[in-house]
Amino acid sequence: MTAQLTDEQVARVRSVVGHELLDADLAALSEAYANYVRGVQQLRAIGLEAPAPRSFEVLWPS
Amino acid sequence: MSQGWKIGIEAASRGIQARELSVHELVTSVLDRLQATESELQAWAFIDPEAALAAARSADREIGRGGYRGALHGIPIGVKDVIDTAGMPTEAGSTACVGRVPKCDAATVRHLRTAGAIVLGKTITHEFAYGQGQPPTKNPWDPARYAGGSSVGSGVAVAVGSALGCLGTDTGGSVRNPAAINGVVGLRPTTGLIDCTGMFHLSLNLDQVGPIARSVTDCGMLLAGMLDPPVWGKSQPTVEAVQRPLHDVRVGVDFGSWRACGVVSDVYRVVSAALEDLRSAGAVVVEVSCPELRLGLPIALAFSLMEASAAHRDLLQSHGDRIGTSTRVMLELGLLVTEDELDLARRGREHVRNAIRHTFEQAALTALMSPTLPWTAPLLSDLATDLTRVSDARDLSDAVLMLAPANVCGLPGLSVPCGEALGLPISMHLLGRPYDDLTLLRLAYQYEQRTPWHTRHPCV
């Protein structure tokens, strides 16, 4: 699975590394980003957009 | 050659205290062992035998004058190459850091030296402890297989006796993973228990320095030496404290998470048998369900990607061409993590922490038990080292699944050998309550006393 990086994302990386990315590096980064995004989707899927309820009734260590 | 390298920290310590074993004899034996195994295994990034022998002679003189400092006096150890050691190179496994020699010891190293431990040198790490790529270190059980990571040199050195104990660092399992792969004991202490000042950070939120040793007691002794004593107070993990019987033990097990993590049948069978051993030792085993554990990996990934990029941004700019390709991709990927995603990870952490807390409280658990890794060491030829993969494929991200919740929630996690399959070690993982590290060690010690696994060593 790969994902097309936006121009803005590529520019963000380029601004730090200080040069154009090689095609091979760009492909590896795209694939890694796609995998990372799957994890983010996993988190979004459980409805974490709303703040999680906080619980203070148990103090650790007992 | 003396067999001093074969005995653990506890036995060596007793011998030194009783003046039946000289520090020089012990260190010479361990250095001989290192010399005999290193060309084959490559566990060390740097060693300084002359300095170690000088320190050994000095320790013998000090002890001879009545200046015995305690249980770690004269014990030879290794330090992962991402932890600063004054006057010794600390290059974090990267050609981008060649020639970096810190002026000061990291806090843990300082404490251990004060306790009398002798630092032999630096053990090999994956670059920046990121777990990407493949260092030269070989698995002593089967050189064709994965040797663990990222504290790979520390795990191997302890397993073969080229150090009696080692320091590793653990951001997503990097102490517990090589401990399990190499058949030794590894602890990721509770966040905040150890002063991590002076380590080459990967993720400030997740990193911990942790001990690797051949037995639970040895691991506790090393931990005791790493602590700033006032932090632990009366609960210091001394030999006596670790070996004190533990009563009313309740061990939780979430078989649903085992299945979701892809635990293979051999590992399932061996760790289930260990669960039976715990039950026959008097523990109550409670089946629980905590599916939130599986969120540890994506949360850890978001934190570590962003924080590693921040920590190494200057290196990426100035020496990017000297950083390994896969590590560099991870550092670049971290630049793409947004504040919104980081906020999501923070909420996720709260979600997982609450779920684990409620599981522990509702089931009155002492510890939550699982396999440390879902498989035995894979063949290097079958291994993908891409930590950004989140599911489906069997690769190194599987190795993080069981272990990441401890990092994300700041909890102690202990890996203990519990069996083998096809000649390869298998370990169980005990997740504990915060600042309850000693309880985990006591529970593991009780298990260890009933089983032979900590006495098995690779034939090297």
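So you know, we letter chains A, B, ... as the sequences are listed, proteins then strands, and number each from 1.
A distance of 10.0 Å separates CD in B:Glu341 from CG in A:Leu43, rounded to the nearest 0.5 Å.
A 4.5 Å side-chain heavy-atom check between A:Asp25 and B:Arg328 finds at least one atom pair inside the cut-off. Contact of the B:Glu332 side chain with the A:Leu21 side chain is registered, since non-hydrogen atoms from C-beta on lie closer than 4.5 Å. In this structure, the side chains of A:Leu5 and B:Leu336 come closer than 4.5 Å at one or more pairs of heavy atoms.
Residues A:Leu29 and B:Val329 approach most closely at CD1-O, 3.8 Å, considering heavy atoms. The two atoms that bring A:Gln42 and B:Arg294 nearest to each other are NE2-O, 4.0 Å, heavy atoms only. Summarising the geometry of B:Gln317 relative to A:Ser15, their closest heavy-atom pair is NE2-O, 4.3 Å, with the distance given to 0.1 Å. Taking all atoms of both residues into account, the shortest heavy-atom contact from B:Pro298 to A:Gly39 is CB-O, 3.6 Å.
Of the atoms belonging to B:Asp343, not a single heavy atom falls under 4.5 Å from chain A. Neither the backbone nor the side chain of B:Arg346 comes within less than 4.5 Å of any heavy atom of chain A.
With hydrogens and angles disregarded, a donor-acceptor distance shorter than 3.5 Å links the side chain of A:Arg12 to the backbone of B:Leu335.
Scored by the side chain to side chain donor-acceptor pair (under 3.5 Å) test, A:Gln9 finds A:Thr6, A:Tyr33 as partners (sequence neighbours excluded).
Within a 6.0 Å sphere centred on CG of B:Asp321, heavy atoms belonging to other residues, nucleotides or ligands number more than 12.
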